[in-house]
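Notes for the one structure printed next.
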Amino acid sequence: MRIATYNINSVRLRIERVLDLLKNSNIDVLCLQETKAENSKFPESRFIDNGYEYCAFNGEKSYNGVAIISRVPLTNINIQEFVNTHARHISTDLPDGTSIHNFYIPAGGDEPDRDINPKFAHKLDYVDSMTEYFKSNHDENSKLIIVGDFNIAPYEHDVWSHKQLLKVVSHTPIEVEKLNSLKESINWIDVAREYIPESEKLYSWWSYRNKDWRKSNRGRRLDHIWVTNPLKPKLSKFEILSDLRNGEKPSDHVPVIIELQE
DNA sequence: ATGGTTGGGGTCCAA
């Protein structure tokens with residue numbers, strides 16, 4: 001079973017790119033963020049026509065939006081609201097009973113101060129609300145996967161310069177602390193760092209504002225896949241498709257993939 | 001210290 005997460009920054013603009021990913025990387029379940037399409041405009045038929053019969057989506061006009069695209073049946077599709085009504089979450093069960101939660105955590109604006117920046121306050125409250133949700137509704141012995149654009153790069157080597165980003169939203173100590181509490185809620189395992197040591201630079205996002213993303217390589221690891229302990233022995237592969245930052249009209253994020261043995 | 005780019009929808013907001 002191959003599961004991917006990808007912040008696509010408009011599913012309609014990049015539908016061909018997404019279909020290529022599904023085909024070329026043999027994906028079973030794809031979780032998208034920033035679809036930027038209300039549900040009536042979600043290109044569901046394009047996925048169905050390409051062998052992905054099961055689509056669950058939660059969108060809104062212009063902003064946010066998440067979706068799960070699958071070639072295996074999805075059951076118990078559920079949408080939770082955290083803090084407000086933004087379309088930032090969707091979850092489903094897979095045939096083997098594993099539940100998967102797909103999140104688009106708020107970016108948080110520019111100023112890392114909750115008293116003067118409501119977007120930053122929203123981000124911190126959002127992560128707190130996720131922590132409460134998992135603590136009260138789930139436990140570490142269930143088969144659970146959480147994926148998405150978390151908009152937080154927790155470790156020193158999850159950003160290109162720890163020192164220069166300490167006061168930049170996505171890598172501030174308060175955000176990292178909130179993310180750590182979420183991680184501890186039901187003892188989540190950060191799959192990326194099971195495969196690639198914390199001492200190694202690892203990114204999933206590069207800003208559009210750098211002329212040559214590869215040359216400047218000012219990246220951040222904002223996209224995550226975490227699993228609970230019962231799934232740990234089933235993990236068989238981890239990939240970040242950095243090459244997809246290239247080509248015509250790329251997203252600023254790249255796909256992150258895990259493989260689980262059946 | 002500043003500005004750099006992109007997408008959606010509509011002449012600006014969010015990332």
Side-chain angles (χ1 to χ4, degrees), chain A residues 5-21 31-44 46 57-67 81-89 102-114 116-127 147-154 158-161 163-172 174-175 178-179 203-224 242-256:
Chain A
T5 180
Y6 191 14
N7 178 319
I8 194 56
N9 188 13
S10 174
V11 68
R12 287 174 291 173
L13 186 73
R14 278 182 257 281
I15 182 69
E16 301 303 332
R17 187 174 269 271
V18 178
L19 293 172
D20 284 349
L21 167 72
C31 297
L32 295 170
Q33 303 86 34
E34 279 206 272
T35 54
K36 291 185 172 175
E38 50 199 318
N39 289 343
S40 62
K41 293 185 174 170
F42 191 87
E44 183 179 20
R46 298 299 311 278
F57 38 91
N58 172 23
E60 63 186 273
K61 195 175 172 180
S62 302
Y63 305 114
N64 313 316
V66 287
E81 286 177 7
F82 297 83
V83 187
N84 60 23
T85 59
H86 291 180
R88 294 180 179 278
H89 168 268
N102 177 17
F103 281 95
Y104 175 48
I105 294 180
D110 288 330
E111 195 59 53
D113 180 343
R114 71 174 305 145
I116 60 172
N117 175 9
K119 287 186 207 160
F120 193 68
H122 177 219
K123 182 179 198 175
L124 298 179
D125 293 345
Y126 195 95
V127 180
V147 310
D149 176 4
F150 293 0
N151 269 311
I152 300 173
D158 291 339
V159 295
W160 63 277
S161 167
K163 209 174 155 187
Q164 290 182 76
L165 286 167
L166 272 172
K167 290 179 179 167
V168 173
V169 172
S170 72
H171 192 61
T172 64
I174 178 77
E175 291 169 86
K178 297 289 188 195
L179 194 71
Y203 314 135
S204 65
W205 172 91
W206 292 261
S207 171
Y208 284 126
R209 297 176 189 180
N210 292 315
K211 251 199 191 100
D212 183 337
W213 73 275
R214 186 82 91 180
K215 196 177 166 202
S216 56
N217 200 21
R218 295 185 167 190
R220 303 178 202 170
R221 187 169 72 101
L222 303 179
D223 303 274
H224 301 269
S242 311
D243 284 347
L244 292 200
R245 185 61 180 75
N246 292 316
E248 279 290 297
K249 292 247 170 214
S251 169
D252 44 357
H253 296 252
V254 296
V256 178

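In what follows, chains are A, B, ... by sequence order, proteins preceding strands, each numbered from 1. Only this structure's heavy atoms are used, side chains among them; waters, hydrogens and symmetry mates stay out.
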B/dG7 OP1/OP2 closer than 4.0 Å to side-chain N/O of A/Arg12: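 Indeed not, no polar side-chain atom of A/Arg12 lies that close.
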Below 4.0 Å: OP1/OP2 of B/dG7 and any side-chain N or O of A/Lys249: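 Checking B/dG7 against A/Lys249, a side-chain N or O does come within under 4.0 Å of OP1 or OP2.
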Interatomic distance at [atom1], [N] relative to [M], whole Å:
{"N": "B/dT2", "M": "B/dA15", "atom1": "P", "answer": "23 Å"}
{"N": "B/dT11", "M": "B/dG7", "atom1": "C1'", "answer": "15 Å"}
{"N": "B/dT6", "M": "B/dG10", "atom1": "P", "answer": "22 Å"}
{"N": "B/dT5", "M": "B/dA1", "atom1": "P", "answer": "22 Å"}
{"N": "B/dG4", "M": "B/dG9", "atom1": "P", "answer": "25 Å"}

Any donor-acceptor N or O pair under 3.5 Å, side chains A/Ser204, A/Arg221: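 No pair is found: no donor N or O on one side chain lies under 3.5 Å from an acceptor on the other.
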A/Asp110 CG: over 12 foreign heavy atoms closer than 6.0 Å: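 No.
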Check nucleotides 13-15 of chain B against the protein and report each pair of N or O atoms closer than 3.5 Å, with its distance, or say if there are none.
from   : atom 1 : to       : atom 2 : distance (Å)
B/dA15 : N6     : A/Arg209 : NH2    : 2.6
B/dA15 : N1     : A/Arg209 : NH2    : 3.0

Member of A/Asn151, A/Asn9, A/Asn102, A/Asp149 meeting the side chain to side chain donor-acceptor pair (under 3.5 Å) criterion with A/Gln33: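 Single side chain to side chain donor-acceptor pair (under 3.5 Å) partner of A/Gln33 among A/Asn151, A/Asn9, A/Asn102, A/Asp149: A/Asn102.
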For A/Arg114, all residues meeting salt bridge (Lys or Arg N to Asp or Glu O under 4.0 Å), sequence neighbours excluded: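 If we apply the salt bridge (Lys or Arg N to Asp or Glu O under 4.0 Å) test to A/Arg114, skipping adjacent residues, the hits are A/Asp125.
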Distance, nearest 0.5 Å, that separates CD of A/Glu60 from OG1 of A/Thr35: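 Answer for the CD-OG1 pair, A/Glu60 versus A/Thr35, is 8.5 Å.
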Point-to-point distance, once rounded to the nearest 0.5 Å, from NE2 of A/His224 to CD1 of A/Ile152: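 A/His224 NE2 to A/Ile152 CD1: 7.5 Å, rounded to 0.5 Å.
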Touch class at under 4.0 angstrom, heavy-atom based, for A/Arg218 against every strand present: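 No contact.
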Sugar-phosphate, base or nothing in reach of A/Lys61, heavy atoms under 4.0 Å: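 Sugar-phosphate only.
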N/O donor-acceptor pair under 3.5 Å between A/Arg14 side chain and A/Lys249 backbone: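 Between the backbone of A/Lys249 and the side chain of A/Arg14 there is a qualifying donor-acceptor contact (under 3.5 Å).
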To the nearest Å, how far apart are [X] [atom1] and [N] [atom2]?
{"X": "A/Leu13", "N": "B/dG9", "atom1": "CG", "atom2": "P", "answer": "11 Å"}
{"X": "A/Gln164", "N": "B/dT2", "atom1": "CD", "atom2": "P", "answer": "17 Å"}
{"X": "A/Trp206", "N": "B/dG4", "atom1": "CH2", "atom2": "C1'", "answer": "19 Å"}
{"X": "A/Asn9", "N": "B/dT6", "atom1": "CG", "atom2": "P", "answer": "11 Å"}

